[in-house]
Amino acid sequence: MAQAAIDAAMRDAGVGWDSIDLLIDCSNSRQQPVPCNAALVQAAIGKAAAGVPCFDVQSTCLGFLVALQVANGLLASRGFKTILIVCSEAPLSGVDWSEPESASLMSDAAAAVVVVAQQPTPTLLYAHETHAQHAAVCEVRGGGHNLLPFDYRSEIDGAYRFHMDGPRLFRIARKLLPPMVEALIQESGVERSDLFVIPHQASPRAVEVVRRVLRFNEEQYVNRVPEFGNTVAASVPLTLDVCRHEGRIADGDSVLLLGTSAGYSQAAMVFQA
């Protein structure tokens with residue numbers, strides 16, 4: 001999936017591997033513990049990508065927003081000109097079907113974006129908060145050093161699968177997300193009615209409630225969860241690409257990306273398309 005998304009993004013951007021200065025993988029789904037996903041993606045691509053520096057940015061469902069902010073900082077440093085961001089997610093292989101309320105939301109998908117250095121614009125703003133007291137609300141406990149992969153036993157299978165307390169996570173996000181997003185909108189100086197909003201496609205109910213709480217109308221706000229499901233870090237770039245190809249986003253439009261992730265973390269970005 002990563003290879004297919006990268007090929008499509010590079011064709012769309014009209015660039016070849018000789019133009020790519022950096023490859024960032026922001027997937028939550030890992031092929032193996034070591035090396036980083038980005039290196040394994042490069043290996044799968046082969047000779048054309050050889051030598052391109054690679055690293056991962058991991059922030060679960062917020063992976064793309066965080067990777068985009070990292071890429072923006074690297075472009076501003078003038079050390080890079082063209083950065084490729086990819087996320088390829090296969091959460092269905094790790095869900096716990098004894099928790100169908102969360103397992104049934106997930107979907108596999110990949111997305112890739114080519115980011116090119118431009119003159120800075122005053123409307124690119126980013127906000128990010130982590131409230132780690134809620135870390136256990138959304139987690140996979142097994143597979144790391146706290147619960148080693150080779151300590152797996154069938155009787156603790158659930159510890160190695162995705163767990164989410166959806167109702168509690170929903171209450172946390174409803175309390176913490178709106179103040180952060182409201183402050184970012186105020187700082188941007190963009191009228192609320194002029195924003196095109198793409199939230200992380202977490203669940204149909206959560207996406208709709210966030211829309212109402214933040215007072216966006218249905219025409220400016222995207223809810224495609226019933227079609228695509230929750231594709232983790234691929235959610236925002238996948239939805240962004242679909243809306244762009246549908247003609248819903250034009251050059252110069254003000255776009256708001258926002259979402260939440262395990263941690264508990266939340267982030268939002270305002271930029272001009």
Side-chain angles (χ1 to χ4, degrees), residues 1-17 19-20 22-31 36-42 44-45 49 52 54-72 74-75 82-94 105-116 126 196-203 207 221-249 253 255-262 265 267-269 271 273:
M1 290 193 300
Q3 288 177 265
I6 286 171
D7 289 345
M10 292 178 68
R11 283 196 307 270
D12 199 11
V15 301
W17 279 104
S19 300
I20 302 298
L22 175 67
L23 171 62
I24 301 176
D25 187 302
C26 58
S27 309
N28 184 58
S29 301
R30 299 196 57 80
Q31 295 187 52
C36 66
N37 265 1
L40 296 174
V41 169
Q42 188 203 79
I45 291 165
V52 174
C54 300
F55 63 77
D56 290 355
V57 169
Q58 207 280 348
S59 190
T60 61
C61 294
L62 286 174
F64 175 71
L65 267 73
V66 175
L68 192 57
Q69 177 68 357
V70 170
N72 183 55
L74 292 172
L75 293 172
T82 305
I83 297 176
L84 176 63
I85 301 172
V86 63
C87 44
S88 184
E89 302 286 26
L92 286 173
S93 61
L105 293 171
M106 310 310 291
S107 184
D108 296 350
V113 174
V114 176
V115 187
V116 180
Y126 179 75
F196 186 78
V197 187
I198 298 178
H200 165 53
Q201 306 289 288
S203 72
V207 172
Y221 187 90
V222 184
N223 185 347
R224 305 295 282 268
V225 191
E227 296 172 71
F228 303 125
N230 183 337
T231 58
V232 199
S235 166
V236 170
L238 170 67
T239 308
L240 178 63
D241 187 58
V242 168
C243 291
R244 187 174 66 89
H245 280 93
E246 290 176 345
R248 298 186 65 185
I249 301 175
D253 284 352
V255 180
L256 168 63
L257 308 179
L258 61 93
T260 63
S261 73
S265 291
M269 175 182 287
F271 65 95

Would you indicate whether the side-chain heavy atoms of [Y] and [X] approach each other to under 4.5 Å?
X      : Y      : value
Val222 : Arg248 : yes
Pro91  : Asp108 : yes
Ile24  : Phe55  : yes
Ser29  : Val232 : no
Ile198 : Ile249 : yes
Val41  : Gln3   : no
Val66  : Cys26  : no
Asp241 : His245 : yes

How far does [atom1] of [X] sit from [atom2] of [Y], to the nearest 0.5 angstrom?
X      : Y      : atom1 : atom2 : result
Ser203 : Asn223 : OG    : CG    : 8.5 Å
Phe64  : Leu257 : CZ    : CG    : 7.0 Å
Asp25  : Ile6   : CG    : CD1   : 8.0 Å
Leu238 : Ser107 : CG    : OG    : 8.5 Å
Leu22  : Leu74  : CG    : CG    : 6.5 Å
Leu258 : Leu62  : CG    : CG    : 9.5 Å

Is a side-chain N or O of [X] found less than 3.5 angstrom from the main chain of [Y], in a donor-acceptor match?
X      : Y      : result
Tyr221 : Pro199 : no
Thr60  : Ala262 : yes
Ser88  : Ala110 : no
Asp56  : Asn37  : yes
Asn230 : Met106 : no

So which atom in [X] and which in [Y] form the shortest heavy-atom distance, rounded to 0.1 Å?
X      : Y      : result
Ala109 : Ala234 : O-CB, 3.9 Å
Cys87  : Ser27  : CA-OG, 3.3 Å
Val57  : Gly63  : CG1-O, 4.4 Å
Leu256 : Ala268 : CD1-CB, 4.2 Å
Ala202 : Val207 : N-CG2, 3.8 Å
Ala71  : Ile85  : CB-CD1, 4.0 Å

* Tell me, please, which residues at least two apart from Tyr126 pass ring pair (Phe, Tyr, Trp, His ring centres under 6.0 Å). =>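 Scan of Tyr126 (ring pair (Phe, Tyr, Trp, His ring centres under 6.0 Å), adjacent residues dropped) gives His128.
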
* Mind checking side-chain hydrogen bond (donor to acceptor under 3.5 Å, both in side chains) for Asn28 and listing every partner two or more places apart, or none if nothing turns up? =>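 Checked Asn28 against side-chain hydrogen bond (donor to acceptor under 3.5 Å, both in side chains); matches are Gln58.
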
* For Ser235, which of Glu89, Arg224, Gln201, His200 qualifies under side-chain hydrogen bond (donor to acceptor under 3.5 Å, both in side chains)? ->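 Among Glu89, Arg224, Gln201, His200, the one that satisfies the side-chain hydrogen bond (donor to acceptor under 3.5 Å, both in side chains) with Ser235 is His200.
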
* To do: Please step through side-chain contact (heavy atoms from CB on, under 4.5 Å) for the pair Glu227 and Val242, ending with a clear verdict.
  => CA-CA 12 Å; Glu227 296 172 71; Val242 168; over 6 Å; no

